[in-house]
K.L.:
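Below you will find the structure I want to go over with you.
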Amino acid sequence: MPELPEVETIKNDLRDQLVGCTFTSVWLLWPGMVLQPGAEELKSRLVGQKVMEVGRRGKYLILHLSGGEALVIHLRMSGALLLRASPTPPDGHTRAIFGLDNGQELHFWDRRKLGTMALVADENQLTARLGPEPLEESFTPEVLAGVLKRHKAPLKVVLLDQMAIAGIGNMYADEALFAARIHPLRPANKLSGDEMEHLHRAIRQVLLAGIKGRGASVDTYRDAAGEEGTAHLQFKVAHRGGQPCPVCGVSIQRLPLRGRGTYFCPRCQAEPAEI
DNA sequence: CCCGGAACCTGAAGGC
DNA sequence: TGCCTTCAGGTTCCGG
């Protein structure tokens with residue numbers, strides 16, 4: 001699933017290969033993915049525009065265009081952006097193909113059709129409500145403490161809240177809580193100062209490791225060249241229910257929380273009595 | 001306002 | 001073999 005490290009990897013790949021290219025055609029095989037404007041209007045407005053820069057905010061990819069607009073893409077659960085030689089035919093999961101003036105095509109591939117894109121004058125329209133970027137210098141332990149103090153929900157729920165902190169998803173939330181040795185059900189506003197410092201370090205460490213591994217291919221994730229990442233090979237608890245904890249050997253548990261699987265070590269992340 | 005669940009989607013995997 | 005249920009989970013929407 002594309003989370004911050006996966007989207008960051010794709011962003012870096014696309015920045016290298018897409019900046020300076022002009023869109024020559026747009027083929028929408030699944031028009032339902034276009035949030036705004038309409039599918040036909042997106043086509044006509046996109047063709048002829050050049051990609052000036054590629055950015056990321058949370059899990060959103062942002063293509064800044066020569067006309068001043070931005071193409072904002074969200075891959076959700078199963079989306080991928082693949083650079084292919086032109087022409088490459090679509091397969092059953094290809095949702096859009098963008099022709100480029102350098103002999104390549106950009107394919108939006110999405111098995112579950114949950115991904116979206118929008119052509120907007122100002123990307124803030126979609127990203128304004130997002131919380132702080134956890135890898136920026138400005139994301140200090142004090143900033144994290146301020147976020148956690150505002151929420152009494154379980155920590156795992158707050159880490160997944162994009163308006164609290166941007167970019168963390170299910171896998172890296174579990175990994176960060178394990179790295180900090182904190183139970184996922186602990187109320188966010190009840191952490192000690194030490195625990196908040198540990199969690200701050202853990203969040204940055206697992207996200208940076210994810211980027212270094214070029215993302216985690218636990219499901220359909222691929223980079224822009226279609227290659228798998230290796231970050232999931234370093235995972236300690238995420239998607240490892242029933243396997244032994246790499247630190248203490250106790251069986252990793254799976255806890256259903258808000259409809260999501262939460263993986264943790266019941267010994268290393270012990271639940272305090274007062275919870 | 002807060003919280004939890006459903007809906008959006010498809011495919012893999014497991015039970016019977 | 002085949003049908004049914006569950007799991008996978010990012011985001012938005014809706015009801016209590």
Side-chain angles (χ1 to χ4, degrees), chain A residues 1-11 28-36 56-62 72-81 90-96 108-118 120 123-131 133-134 147-177 184-189 206-207 210 215-222 228-229 231-232 235 237-243 252-264:
Chain A
M1 323 296 161
E3 303 180 23
L4 188 153
E6 288 73 34
V7 180
E8 179 73 12
T9 301
I10 294 168
K11 182 209 75 179
L28 295 172
L29 294 98
W30 169 242
M33 67 178 297
V34 179
L35 291 180
Q36 59 170 293
R56 178 191 62 75
R57 177 78 172 94
K59 299 170 193 166
Y60 289 90
L61 265 170
I62 304 164
V72 182
I73 294 172
H74 200 302
L75 299 171
R76 298 283 185 101
M77 311 282 293
S78 57
L81 287 168
D91 69 19
H93 297 115
T94 306
R95 308 306 177 193
F108 195 127
W109 186 99
D110 185 8
R111 199 174 67 187
R112 292 168 65 178
K113 290 185 175 174
L114 295 173
T116 60
M117 68 180 163
V120 294
E123 71 270 19
N124 281 320
Q125 190 180 331
L126 293 159
T127 60
R129 298 164 71 208
L130 294 175
E133 284 290 326
V147 168
L148 297 182
K149 261 184 259 168
R150 298 202 309 267
H151 294 89
K152 63 182 179 186
L155 260 180
K156 173 67 184 286
V157 172
V158 176
L159 290 181
L160 294 178
D161 181 351
Q162 300 302 296
M163 287 177 276
I165 304 169
I168 300 173
N170 206 43
M171 302 181 298
Y172 292 96
D174 285 353
E175 288 300 306
L177 288 169
L185 291 183
R186 289 278 301 283
N189 59 1
V206 300
L207 293 177
S217 290
V218 297
D219 195 0
T220 57
Y221 168 73
R222 299 290 187 278
E228 293 191 3
H232 56 292
F235 283 170
V237 294
H239 294 278
R240 300 177 69 94
Q243 298 179 38
I252 291 164
Q253 285 189 9
R254 178 182 184 275
L255 169 80
L257 183 58
R258 299 280 210 281
R260 299 180 173 110
T262 293
Y263 298 91
F264 69 105

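Below, read A as the first sequence line, B as the second, and so on, with proteins coming before strands; counting in each chain starts at 1.
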K.L.:
Dot-bracket, 5' to 3', for DNA chain C please: Watson-Crick or G-U pairs under 3.5 Å, [ ] where pairs cross earlier ones, | where the partner sits on another strand, dots elsewhere.
P.N.:
.|||||||.|||||||
K.L.:
Output the distance between atom CG (A:Leu81) and atom CZ (A:Phe108), rounded to the nearest 0.5 Å.
P.N.:
6.0 Å
K.L.:
For A:Leu114 and C:dG9, give me the distance from atom CG to atom C1', rounded to whole Å.
P.N.:
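Rounding to the nearest Å, CG of A:Leu114 and C1' of C:dG9 are 9 Å apart.
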K.L.:
With the side chain counted from C-beta on, respond yes when A:Arg57 and A:Leu130 share a heavy-atom pair under 4.5 Å apart, and no when they do not.
P.N.:
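Yes - at least one pair of side-chain heavy atoms lies under 4.5 Å apart.
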K.L.:
Would you kindly give the CZ-to-P distance between A:Arg150 and B:dC2, to the nearest whole Å?
P.N.:
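In whole Å, B:dC2 P lies 11 Å from A:Arg150 CZ.
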K.L.:
Rounded to the nearest 0.5 Å, how far apart are CG of A:Leu4 and NZ of A:Lys11?
P.N.:
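Result: 9.0 Å between the selected atoms.
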K.L.:
With a non-hydrogen cut-off below 4.0 angstrom, is A:Tyr221 in contact with a base, only sugar-phosphate, or nothing?
P.N.:
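If one applies the 4.0 Å heavy-atom cut-off, A:Tyr221 turns out to touch nothing in the nucleic acid.
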K.L.:
Separation of A:Met171 atom CE from C:dG10 atom C1', in whole Å?
P.N.:
12 Å
K.L.:
How long is the line joining CZ of A:Arg258 and P of B:dA6, in whole Å?
P.N.:
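Spelled out: CZ on A:Arg258 to P on B:dA6 is 13 Å.
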K.L.:
For A:His151, run the side chain to side chain contact (heavy atoms under 4.5 Å, CB included) check against A:Leu159, A:Asp161, A:Val157 and tell me which one passes.
P.N.:
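Only one option passes, and that is A:Asp161.
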K.L.:
Find the distance A:Asn189:CG to B:dC3:P and express it as a whole number of Å.
P.N.:
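Between P of B:dC3 and CG of A:Asn189: 10 Å.
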K.L.:
For nucleotides 11-16 of chain C, just jot down a letter per nucleotide in 5' to 3' order: B, S or -, based on protein non-hydrogen atoms under 4.0 Å.
P.N.:
BS----
K.L.:
Nearest whole Å is fine: how far is B:dA7 P from A:Lys113 NZ?
P.N.:
18 Å
K.L.:
Does A:Trp109 reach the side chain of A:Thr220, with side-chain heavy atoms less than 4.5 Å apart?
P.N.:
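Answer yes - side chains close enough.
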K.L.:
Ignoring hydrogens, what is the shortest heavy-atom contact between A:Pro2 and A:Gly79? Give both atom names and the distance.
P.N.:
CG-O, 3.7 Å
K.L.:
Go through the structure and list residues passing ring-ring contact (aromatic ring centres under 6.0 Å, His included) with A:His232, not counting sequence neighbours.
P.N.:
none
K.L.:
Taking the same atom, P, in C:dT6 and in B:dG5, what whole-Å distance lies between them?
P.N.:
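Straight-line distance between the two P atoms is 15 Å.
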K.L.:
Between the main-chain N or O of A:Tyr263 and the side-chain N or O of A:Gln253, is there a donor-acceptor pair closer than 3.5 Å?
P.N.:
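No; judged by distance alone, with no hydrogens or angles, the pair does not exist.
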K.L.:
Could you tell me whether the side chains of A:Tyr172 and A:Glu6 share a donor-acceptor contact shorter than 3.5 Å?
P.N.:
yes
K.L.:
Please tabulate, one pair per line, all N/O donor-acceptor pairs under 3.5 Å involving side-chain atoms of residues 162-171 of chain A, not counting sequence neighbours.
P.N.:
residue: A:Gln162; atom: OE1; partner: A:Gly167; partner atom: N; Å: 2.8
residue: A:Gln162; atom: NE2; partner: A:Leu160; partner atom: O; Å: 3.1
residue: A:Gln162; atom: NE2; partner: A:Ile168; partner atom: O; Å: 2.9
residue: A:Asn170; atom: OD1; partner: A:Lys156; partner atom: NZ; Å: 2.8
residue: A:Asn170; atom: ND2; partner: A:Gly261; partner atom: O; Å: 2.9

K.L.:
Return the value, rounded to whole Å, for the distance between atom OH of A:Tyr172 and atom C1' of C:dG9.
P.N.:
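Result: 15 Å.
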K.L.:
Does A:Tyr221 have any ring-ring contact (aromatic ring centres under 6.0 Å, His included) partners at least two apart in sequence or in another chain, and if so, which?
P.N.:
none
K.L.:
State, to 0.1 Å, how close A:Leu28 and A:Ala96 come at their nearest heavy-atom pair, and which atoms those are.
P.N.:
CD2-CB, 3.9 Å
K.L.:
Give me the distance, rounded to whole Å, that separates C:dT5 from B:dA6 when you measure between the P atoms they each carry.
P.N.:
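Taking atom P in both C:dT5 and B:dA6, they lie 15 Å apart.
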K.L.:
Rounding to an integer number of angstrom, what distance separates B:dC9 and C:dC14 when you compare their P atoms?
P.N.:
15 Å
K.L.:
For nucleotides 11-14 of chain B, list the nitrogen or oxygen atoms of the protein found under 3.5 Å from its nitrogen or oxygen atoms, one pair per line.
P.N.:
residue: B:dG11; atom: OP1; partner: A:His93; partner atom: NE2; Å: 2.7

K.L.:
From CG of A:Asp110 over to P of C:dG10, roughly how many Å is that when rounded to an integer?
P.N.:
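After rounding, the gap between these two atoms is 14 Å.
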K.L.:
Provide the distance between the two P atoms, one in B:dC3 and one in C:dG9, to the nearest whole Å.
P.N.:
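Between the two P atoms, the distance is 23 Å.
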